[in-house]
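Beneath this line is the structure, given in structure tokens, with notes to follow.
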Amino acid sequence: MPSQPGSDRTPPRPPTARTARIVLGVGGGIAAYKACSLLRLFTEAGHDVTVVPTASALRFVGAPTWEALSGKPVHTDVWSDVPQVPHVRLGQSADLVVVAPATADLLAKAAHGLADDLLTNVLLTARCPVVMAPAMHTEMWDHAATQANVSTLTERGVHIIPPASGRLTGADTGPGRLPDPDDLYAVCARILAHGTAAVDHAVRQDGIPGDHPTGPLRGRTVVVTAGGTREPLDPVRFLGNRSSGKQGYAVARIAARRGADVVLISANTELTAPPGVVVVPVQTALDLQEAVEKAATDADVVVMAAAVADFRPAHYLDAKIKKSHDPADPDAAPTIALVRNPDILARLVESRGEEANPVIVGFAAETGDDQGSVLDHGRDKLARKGCDLLVVNEVGADKTFGQDVNTVHILRQGSSHVVDAGPATKDEIAAAVWDAVQEIL
Ligand code: CTP
């Protein structure tokens with residue numbers, strides 16, 4: 001695949017128009033190691049970074065690492081370098097304070113205004129945007145005390161980047177992971193460019209005009225659909241499919257990392273929204289069609305990764321269908337009449353007419369059969385749908401659905417060339433899809 005194995009990292013980012021003074025606070029959690037990568041991203045972008053770890057953070061990553069990466073001395077308490085009054089100066093002069101990871105203890109101290117070390121002093125003296133990225137075990141994150149502290153901080157204008165879900169330190173999984181440094185960087189870069197109000201506004205799903213500081217998709221608006229539609233039959237039943245939404249979420253995440261403004265139309269997933277992405281939740285194919293058509297009017301790219309139901313029940317019944325629904329024949333099973341849903345992708349292609357805008361990408365889950373191979377079916381579908389790219393993946397009982405690894409073939413309209421990507425993580429597959437889109441853009 002064209003991207004670097006194991007990474008979607010674009011080459012070192014050029015300095016942003018304005019370099020900033022950033023204080024990177026590091027709490028005492030295992031995720032402190034990820035803050036090293038975040039620090040590198042800031043310094044590569046030309047920012048001036050002072051690292052202020054807590055004493056317990058230094059148990060995870062030592063002072064020499066922070067000093068070497070930032071090129072500055074590192075202190076944890078207010079008793080070093082006293083004539084410079086660092087406990088006041090650092091916060092006052094910062095353009096951005098970022099705390100990653102923010103432990104439950106640090107959130108509690110910040111919420112209650114405690115100031116018993118250098119970092120908590122910085123948090124009290126800072127008048128610039130403050131970003132905190134909590135990371136801890138799920139139970140600690142879910143605890144009412146932590147949630148109350150997060151609410152207090154949010155009300156005071158601190159921008160909280162919610163933890164991601166996934167594997168935690170031990171065998172347990174759940175919300176509590178520190179998001180990837182690239183995602184943290186993307187949010188911070190956006191706050192430096194627009195301020196926290198603009199970013200909070202985007203997260204509230206209203207959307208903002210995009211002007212991301214870096215990345216090959218900077219200034220582009222992209223719409224991604226993900227998940228699987230559900231077509232209700234009665235108040236308790238629906239026709240659905242096995243799509244987890246993971247691949248579509250990865251497509252949205254990588255687009256945001258590459259600087260795009262992303263609208264993610266999400267059908268029935270439990271996944272955590274990638275940072276900075278505007279999420280529009282939908283349920284049925286008709287909801288999804290309405291949301292896509294609205295968002296597509298301003299889009300440069302539409303990626304249809306959602307599994308859209310081709311059929312829906314012809315009638316929705318307000319009351320639950322009972323097992324013995326037919327008094328004349330108590331053992332009879334009902335016959336459910338279905339009607340066709342619109343082909344949203346084909347309509348998008350039709351409605352853009354001769355114009356090349358937006359670039360439209362379809363996904364196709366295929367199985368080979370006696371009519372042809374997975375690729376044969378993919379080529380037919382590309383011709384039938386008329387989109388610019390078709391990402392074809394092979395499905396089966398143990399393939400693709402809900403997995404973290406995927407294998408795809410990317411077909412381009414009017415070309416016999418096929419890009420084979422994978423087996424690779426869904427983020428890496430997403431990177432290959434965006435590489436192909438960028439060639440067209
Ligand atoms: N799609 C769509 N509207 C539909 C069905 C599918 O927009 N009603 C989109 C999907 O989001 C995907 C692409 O079309 O990007 C291909 O979906 P797929 O289900 O493979 O295609 P179908 O046209 O339903 O073909 P098949 O006969 O293989 O089911």
Side-chain angles (χ1 to χ4, degrees), residues 222-232 238-252 255 263-269 280 282-296 299 301-314 338-352 358-396 399-401 406-413 421 426 429-430 432-434 436-437 440:
V222 312
V223 178
V224 179
T225 68
T229 63
R230 288 182 183 172
E231 311 298 323
F238 58 82
L239 293 183
N241 60 65
R242 298 174 59 204
S243 174
S244 68
K246 285 183 180 174
Q247 185 61 72
Y249 269 59
V251 169
V263 178
L264 172 60
I265 298 171
S266 174
N268 311 300
T269 76
V280 179
V282 294
Q283 192 195 1
T284 66
L286 295 181
D287 295 342
L288 190 136
Q289 179 183 28
E290 192 185 330
V292 172
E293 288 181 354
K294 188 168 160 217
V301 186
V302 178
V303 181
M304 288 289 298
V308 182
D310 289 322
F311 312 100
R312 66 178 183 275
L338 300 176
V339 290
R340 280 282 284 266
N341 272 329
D343 188 325
I344 302 165
L345 178 64
R347 284 207 192 176
L348 278 175
V349 172
E350 246 172 65
S351 63
R352 76 174 171 176
V359 172
I360 299 177
V361 182
F363 269 69
E366 299 289 346
T367 56
D369 57 21
D370 51 10
Q371 307 291 310
S373 68
V374 167
L375 265 187
D376 295 335
H377 287 300
R379 287 207 176 86
D380 283 354
K381 195 166 280 182
L382 179 64
R384 210 168 60 238
K385 301 255 184 186
C387 50
D388 301 292
L389 293 171
L390 190 74
V391 183
V392 182
N393 56 13
E394 191 170 347
V395 290
K399 288 184 188 145
T400 300
F401 289 117
N406 203 357
T407 304
V408 303
H409 314 285
I410 304 174
L411 311 183
R412 183 167 171 176
Q413 196 67 254
K426 290 190 172 177
I429 298 291
V433 171
W434 285 114
V437 171
I440 299 176

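Below, each value reflects all heavy atoms present in this structure, side chains not excepted, and no hydrogens, waters or symmetry copies. For ligands, and for the atoms within them, numbers begin at 1 and follow the listed sequence. Remember, predicted model here, so these are calculated numbers, not experimental data.
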Compute the shortest N/O to N/O distance between [X] and ligand 1 and return yes if it is under 3.5 Å, no if not.
| X | result |
| --- | --- |
| F363 | yes |
| A306 | yes |
| E366 | no |
| A305 | no |
| M304 | yes |
| A307 | no |
| N341 | no |

### Query
What residues form a side chain to side chain donor-acceptor pair (under 3.5 Å) with D287, not counting sequence neighbours?
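Counting only residues at least two positions away or on another chain, D287 forms a side chain to side chain donor-acceptor pair (under 3.5 Å) with T284.
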
### Query
In terms of atom number and element, which parts of ligand 1 are under 4.0 angstrom from non-hydrogen atoms of G362?
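Those atoms are 15 (O).
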
#### Entry: Ligand-side contact atoms (ligand 1) for residue partner D343, heavy atom cut-off under 4.0 Å
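By the 4.0 Å cutoff, the relevant atoms are 2 (C), 3 (N), 4 (C), 7 (O), 8 (N), 23 (O).
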
Considering only protein heavy atoms, which is closest to [atom], and at what distance to one decimal place?
| atom | answer |
| --- | --- |
| atom 21 (O) of ligand 1 | K381 NZ, 3.2 Å |
| atom 27 (O) of ligand 1 | R384 NH2, 4.3 Å |
| atom 14 (O) of ligand 1 | K385 NZ, 3.0 Å |
| atom 5 (C) of ligand 1 | D310 OD1, 3.2 Å |
| atom 8 (N) of ligand 1 | P342 O, 2.9 Å |
| atom 3 (N) of ligand 1 | I344 N, 3.1 Å |
| atom 7 (O) of ligand 1 | L345 N, 2.8 Å |

### Task
Would you tell me which option among V308, L382, N393 has the nearest heavy-atom contact to atom 4 (C) of ligand 1?
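It is V308 that holds the nearest heavy atom.
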
Mind listing the side-chain donor-acceptor pairs of residues 222-232 below 3.5 Å, one per line with the distance, residues two or more places apart or on another chain?
unit_1	atom_1	unit_2	atom_2	d
T225	OG1	A305	N	3.1
T225	OG1	A306	N	3.0
T229	OG1	E231	OE2	3.1
T229	OG1	A309	N	2.9
E231	OE2	A285	N	3.0

